[in-house]
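Just so we're clear, the structure is a prediction, and the values are computed from it rather than from any experiment.
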Amino acid sequence: MSAIIIMKEKLSQRLRSLKTEFEMGQKLLAEYEEKQCNLRETLPRISGAIQVLEELLA
């Protein structure tokens with residue numbers, strides 16, 4: 001094999017690797033954004049429940 005062919009194969013492998021890593025990163029980011037959204041909805045409800053219970057116990 002010539003050096004050019006070897007270099008092209010290495011570059012192709014690196015490109016595939018980076019694309020896979022990028023896709024995984026995008027999926028992970030989407031999961032974290034969904035969790036963040038869920039927390040933004042849940043925390044005020046928990047806070048409200050805490051307030052109600054504290055008032056009942058006072």
Engineer: State which residue, out of Glu33, Glu41, Arg40, fulfils the side-chain contact (heavy atoms from CB on, under 4.5 Å) condition with Cys37.
Structural biologist: Glu41
Engineer: How about CD on Gln13, more than 12 heavy atoms from neighbouring residues, nucleotides or ligands closer than 6.0 Å, or not?
Structural biologist: yes
Engineer: From the options Leu11, Ile6, Ile4, select the one residue that forms a side-chain contact (heavy atoms from CB on, under 4.5 Å) with Lys8.
Structural biologist: Ile4
Engineer: Kindly compute the distance separating CD (Glu34) from CG (Leu39), expressed to the nearest 0.5 Å.
Structural biologist: 11.0 Å
Engineer: Going through the distances and angles, do Glu23 and Arg16 end up as a salt bridge (Lys or Arg N to Asp or Glu O under 4.0 Å)?
Structural biologist: CA-CA 11 Å; Glu23 289 175 16; Arg16 286 191 300 271; over 6 Å; no
